[in-house]
Amino acid sequence: MTSNFAIGYTENLPVSDPNCLVERQTAMPELRPKDVLVDVYAVSVNPIDMKTRQTAPAGEFRVLGFDAAGVVKQVGEDVTQFQPGDEVFYAGTLNRPGTNQRYQAVDERIVAHRPKQISMTEAASIPLVALTAWECLFDRLRLTADSAGQLLIVGATGVVGSMMIQLVKALLPKVEIIATASNSERAEFVRGLGADHVVNHRADLAEQVKQVAPDGVQWLFSAYSEGNIDTYAEVVAPFGEIVAIDGGPREIIALKQKSITWHWEFMFTRSMYETEDMDQQHKALEKIAELADSGLIVPTISHSYAPISAANLRQAHADIEIGHTLGKIVLNGWE
């Protein structure tokens with residue numbers, strides 16, 4: 001193998017421009033000591049792909065993509081957890097070329113053996129959202145099987161929120177879920193995943209939540225914080241905790257009176273800074289794979305495209321920009 005096929009961008013163009021994502025032959029990745037070289041079989045597309053393509057400078061040629069499933073072809077000299085032929089899945093990192101290429105080098109500490117009871121394509125839909133939800137629940141909020149209380153999930157029909165519902169139902173039996181949804185179809189969707197209560201975030205959110213949790217919820221997950229801080233201060237109990245995944249500055253002084261804790265969750269922190277506990281993502285994904293194999297969590301896929309090509313990736317980005325998908329968008333196979 002002397003060259004690699006990749007899809008990326010060189011300038012920030014609208015998704016309607018055919019040059020916003022282009023195909024190129026690139027050099028094969030060079031393996032670092034703890035890297036595995038993966039033959040990518042399937043990828044999924046996340047909002048961060050679209051936002052990066054729109055705003056982040058590309059330099060010469062930048063390859064996007066953060067979810068993948070595939071087969072290990074080679075291993076670096078210090079790799080201990082994988083060997084050629086292993087089927088794997090992972091969420092990649094921001095500071096290395098992404099999954100939208102035929103062969104990708106990725107650190108073994110953020111890779112896991114893929115679930116075997118679902119397809120390679122379904123496996124590719126899981127890592128980023130599952131890791132984000134996992135870290136929100138177990139690293140930021142520090143919940144355990146003995147944790148008891150109510151969790152409000154704002155953005156429950158999103159890909160992270162819907163995965164969080166499944167993880168709570170599988171691992172946190174004493175946690176009651178209050179999920180937000182904007183219409184009856186979406187309410188039915190989150191109930192089907194296991195939400196105990198559903199409220200409409202387009203109506204009076206505080207009043208609806210207080211009917212279910214009159215003393216306030218202990219925990220709140222927020223995918224959409226802008227403009228909601230005063231509402232959060234009203235519905236979260238004293239000494240409660242909030243974990244947010246959306247970006248941008250916001251005024252959180254309203255939370256001070258109740259001593260409410262605010263957490264940021266950014267799934268790429270460990271891989272970007274190669275923290276000492278970076279392999280926690282490997283361990284979490286191994287557990288997530290077990291849950292998927294047991295049927296306790298299931299992939300939620302809205303669209304599937306084949307093959308992995310610039311045209312299909314542009315379509316996937318366009319789908320996400322519209323913002324009405326329920327579930328992940330996945331691509332599989334190469335021409």
Side-chain angles (χ1 to χ4, degrees), residues 36 38 40-46 48 65-72 81-82 86-93 99 104 106-145 147 151 153 155-156 158-173 175 177 190 192-195 221 223 243 245 265-271 275 277-301 327-330 332:
V36 293
V38 178
V40 174
Y41 280 40
V43 302
S44 70
V45 182
N46 297 279
I48 190 171
F66 302 100
D67 274 325
V71 177
V72 174
Q81 300 173 112
F82 302 97
D86 286 350
E87 297 185 357
V88 296
F89 74 150
Y90 54 92
T93 185
T99 58
Q104 182 185 19
V106 59
D107 194 297
E108 71 165 341
R109 291 171 290 179
I110 59 173
V111 177
H113 298 89
R114 79 167 185 90
K116 293 297 181 64
Q117 300 304 312
I118 60 176
S119 70
M120 192 80 80
T121 301
E122 290 171 317
S125 74
I126 292 176
L128 188 150
V129 295
L131 280 172
T132 301
W134 183 281
E135 291 184 356
C136 284
L137 294 170
F138 304 114
D139 294 351
R140 307 286 88 76
L141 298 180
R142 302 177 305 282
L143 301 182
T144 70
S147 299
L151 167 67
I153 301 179
V159 289
V160 175
S162 60
M163 179 59 70
M164 183 173 290
I165 293 172
Q166 297 185 73
L167 288 176
V168 170
K169 283 302 171 183
L171 301 172
L172 301 170
V175 173
I177 299 170
V190 296
L193 294 175
F221 164 79
V243 57
I245 61 170
E265 162 56 21
F266 188 56
M267 193 279 299
F268 296 109
T269 298
R270 282 182 165 121
S271 58
T275 59
D277 67 346
M278 183 173 165
D279 69 338
Q280 288 300 313
Q281 292 199 335
H282 161 77
K283 294 175 182 177
L285 279 176
E286 292 284 349
K287 293 177 182 177
I288 289 163
E290 292 177 7
L291 293 173
D293 279 336
S294 300
L296 293 173
I297 62 172
V298 296
T300 55
I301 295 175
K328 294 294 290 289
I329 300 172
V330 293
N332 67 89

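Atom set for the values below is all heavy atoms of this structure, side chains included, hydrogens, waters and symmetry mates excluded.
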Can you find a heavy atom in the side chain of L167 that is under 4.5 Å from one in the side chain of I297?
-> yes
Report yes if the side chains of V129 and N46 come closer than 4.5 Å at any heavy-atom pair, otherwise no.
-> yes
For the residue pair Y41 and R114, establish whether any side-chain heavy-atom pair is separated by less than 4.5 Å.
-> no
Between S44 and A124, is there a donor-acceptor pair closer than 3.5 Å when you use the side chain of the first and the backbone of the second?
-> yes
Looking at residues at least two apart in the chain, or sitting in another chain, which of them share a side-chain contact (heavy atoms from CB on, under 4.5 Å) with Q81?
-> E108, H282
With side chains defined as the heavy atoms from C-beta onward, is the minimum distance between L151 and L137 less than 4.5 Å?
-> yes
At their closest point, which heavy atom of K328 faces which heavy atom of S125, and how far apart are they?
-> NZ-O, 2.9 Å
Any donor and acceptor pair, going by atom type alone, linking the side chain of D107 with main-chain N or O of R109 inside 3.5 Å?
-> yes
For residues A69 and A123, report the shortest heavy-atom separation together with the two atoms involved.
-> CB-CB, 4.2 Å
Qualifying salt bridge (charged side-chain N to carboxylate O under 4.0 Å, His left out) pairs, either residue in residues 115-134, two or more places apart | none
Backbone of D67 reached by a side-chain donor or acceptor of T99 within 3.5 Å = yes
Over all atoms of both residues, closest heavy-atom pair of F89 and P127 = CD1-CG, 3.5 Å
What closest approach, in Å, do Q281 and M267 show between heavy atoms, and which atom pair accounts for it?
-> NE2-O, 2.8 Å
Would you say D279 and R270 make side-chain contact, with heavy atoms under 4.5 Å?
-> no
Do any pairs count as a side-chain hydrogen bond (donor to acceptor under 3.5 Å, both in side chains) and have a residue in residues 285-301, sequence neighbours left out, and if so which ones?
-> H113-E286
When rounded to the nearest 0.5 angstrom, what is the spacing between CG in L131 and CE in M163?
-> 10.0 Å
